Amino acid sequence: MAVTDVSRPDAGSPGAMPVHRKRSRIPGWLRGVIWAVIAIAVISTASYSTGVSALTSSNTASTALRLALPILLCALGGLWAERAGVVNIGLEGMMILGTWGAAWGSYNGGVWAGLLAAIAFGALGGLLHAVATVTFNVNHIVSGVAINLLGLGVTKYLANLIFEPLSGNPRQSPVVPKFDTYSASGLSDWLGDLEKEQRVGISDVAGVLRGLVTEVAPLTMIAILLVPISFWVLWRTRFGLRLRSCGENPVAAESLGVNVYRHKYVAMLISGAFAGMGGASLVLLRGGADYLENQTNGRGYIGLAAMIFGNWRPGGLLGGAALFGYADGLQLSGGGEAVLALLYGAVILVAVIVVVQLFRRQWIAAGLGVVGAGILYLIYWSNDTLPSDLIPYTAHFVTLIVLAVASQRLRPPKADGQPYRRGED
């Protein structure tokens, strides 16, 4: 006679309960730290091997931080919109509105007034997108493109009307006040001494850290704090749960009493406000220009790419913004020689990934990695520098490559971009 273990129902019996084993999972913050360590190790090795110190210099890190801010803020704006189910291609237009609002507000009332004006102008763009997509069910892509064109046209008209008499140039604002910057004096000096010693690894880390704690503006600190704040609100509060349910299954959310329209509108206002702040960072930070026509240069789209690269998560998009900002800052501080050295670092990173794939017995992926690494190394070996016409588009090339690599593991909200009518199934 068979003996039945009544303490654990058989998995095949009708009343059986599935047995779930807890899998060890690395926390998200720890994964971010690990990736940051890997990134610094790769660029440190590339800097030592190629002799290009700009890869890990404090100047590059500081420039990268400043250039990553508009990308980060736009990515956060995209996160809020798409977690509520609204595809926000109009981030670029909202950012353009923010640049004009920042210049106008700062010129008339100081930097904080400029920041508030940028937030208001960006939120206005978000409101228009919400009216079109949420209330009138316009296709999200069509509405976003319209917002981009509208932002460009409105700011051009306002610049002709208001800035031209002041600056004499219809495409440029007069000189506007900028945010003051602050440094951790003792720490910055100590890190600077370590950076000058040119020790392998230690000086590289010191250079990167020094760039992050030297001449930092209040807007920079606010933008970085918005990442954990966004995570806490969206994943740890009742409001955030309801907002995310609108992006996953709005019909089910409505059946549970969630006002889907209201949450989508709130999300779009916040999305536009963040994009407007991104525009303000281009105008109000030291080292950047005053308002210029076409000043954003596609950073709204790169912010959207950073959000997708981060898999619609705050920590992931922070890493994406850092990557794209670093690529942009490197081409400014080091030129074509530094960008070419970055290719050598990419070869090292791909080689590590190939080893991991071989360990997992992913033969096809490993083979493709070997081919990719060979192509990158051939480009590096056959050139002393890159063509000057291509260097300004370094961040754009990085965007395309990263999205192509990351596309296999993406998981957007299920109802993202889908039309929704109240009361319909």
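Please read these numbers as outputs of a predicted model, since none were measured by experiment.
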Could you check whether any side-chain heavy atom of [X] comes within less than 4.5 Å of a side-chain heavy atom of [Y], counting everything from C-beta outward?
X	Y	answer
Thr296	Glu92	yes
Phe274	Ile119	no
Asn294	Leu152	yes
Pro70	Ser281	yes
Ser106	Leu284	yes
Ile162	Tyr157	no
Met221	Val216	yes
Arg299	Asn297	yes

Could you tell me whether Tyr380 atom OH has more than 12 heavy atoms of other residues or ligands within 6.0 Å of it? yes
More than 12 heavy atoms of other residues, nucleotides or ligands under 6.0 Å from CD of Gln357: yes or no? yes
Expected output: side-chain [X] to main-chain [Y] donor-acceptor under 3.5 Å:
X	Y	answer
Ser58	Arg210	no
Glu215	Gly211	no
Asp416	Pro412	no
Ser47	Leu55	no
Lys264	Ala84	yes
His263	Arg244	no
Ser44	Ala41	no
Gln172	Asn169	no
Thr63	Gly329	no
Asn383	Ile379	yes

What pairs with Phe231 under ring-ring contact (aromatic ring centres under 6.0 Å, His included), at least two apart in sequence or on another chain?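 Partners of Phe231 by the ring-ring contact (aromatic ring centres under 6.0 Å, His included) criterion, ordered by chain and then number, come out as Trp235.
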Just how far is it from atom [atom1] of [X] to atom [atom2] of [Y], taken to the nearest 0.5 Å?
X	Y	atom1	atom2	answer
Leu212	Ser62	CG	OG	8.0 Å
Asn249	Gln418	CG	CD	9.0 Å
Ile224	Leu318	CD1	CG	7.5 Å
Leu349	Ile43	CG	CD1	11.5 Å
Leu191	Ile202	CG	CD1	12.0 Å
Leu187	Leu209	CG	CG	8.0 Å

What are the two closest heavy atoms between [X] and [Y], and how far apart are they?
X	Y	result
Ala415	Pro250	CB-CD, 3.6 Å
Gly98	Phe121	N-CB, 4.5 Å
Ser271	Ala81	OG-CB, 3.7 Å
Ala223	Leu72	O-CD2, 3.9 Å
Ala321	Ala68	O-CB, 3.5 Å
Asn148	Gly93	OD1-N, 2.7 Å

Kindly determine whether Leu124 and Met94 satisfy side-chain contact (heavy atoms from CB on, under 4.5 Å), including the steps that lead there. CA-CA 8 Å; Leu124 180 60; Met94 299 170 197; over 6 Å; no
Regarding [X] and [Y], is there a side-chain donor-to-acceptor distance under 3.5 Å anywhere?
X	Y	value
Thr135	Tyr265	yes
Ser188	Thr214	yes
Ser230	Trp80	yes
His129	Ser143	yes
Asn59	Ser333	no

What do the steps show when you test Lys178 against Asp290 for salt bridge (charged side-chain N to carboxylate O under 4.0 Å, His left out), and what is the final call? CA-CA 9 Å; Lys178 309 279 188 180; Asp290 300 314; 3.2 Å; yes
Chi angles and distances behind the side-chain contact (heavy atoms from CB on, under 4.5 Å) call for Tyr326, Leu342: CA-CA 10 Å; Tyr326 175 77; Leu342 184 62; 3.9 Å; yes
Derivation of the side-chain contact (heavy atoms from CB on, under 4.5 Å) call for Ile89 and His140: CA-CA 8 Å; Ile89 297 294; His140 296 201; over 6 Å; no
Using the rule given for side-chain contact (heavy atoms from CB on, under 4.5 Å), can you reason through Leu79 versus Leu234, listing the C-alpha separation, both sets of side-chain angles and the distance that settles it, and then say yes or no? CA-CA 10 Å; Leu79 172 73; Leu234 289 174; 4.0 Å; yes
For a quick test of your reading: what N or O donor-acceptor pairs under 3.5 Å do the side chains of residues 304-312 make, sequence neighbours left out?
residue	atom	partner	partner atom	Å
Asn311	OD1	Arg411	N	2.8
Asn311	ND2	Arg409	O	3.2
Trp312	NE1	Glu82	OE1	2.8

Could you give all pairs that pass the ring pair (Phe, Tyr, Trp, His ring centres under 6.0 Å) test and reach residues 162-216, with sequence neighbours left out?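 For residues 162-216: Trp100-Phe163, Trp112-Phe179, Phe163-Tyr291.
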Can you tell me how the ring of Tyr344 sits relative to the ring of Tyr377, calling it parallel under 30°, perpendicular over 60° and tilted otherwise?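 Rings of Tyr344 and Tyr377: tilted, 30 to 60°.
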State plainly whether the residues Arg199 and Asp204 are in salt-bridge range, i.e. N to O under 4.0 Å.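 A salt bridge is absent here (no side-chain N lies under 4.0 Å from a carboxylate O).
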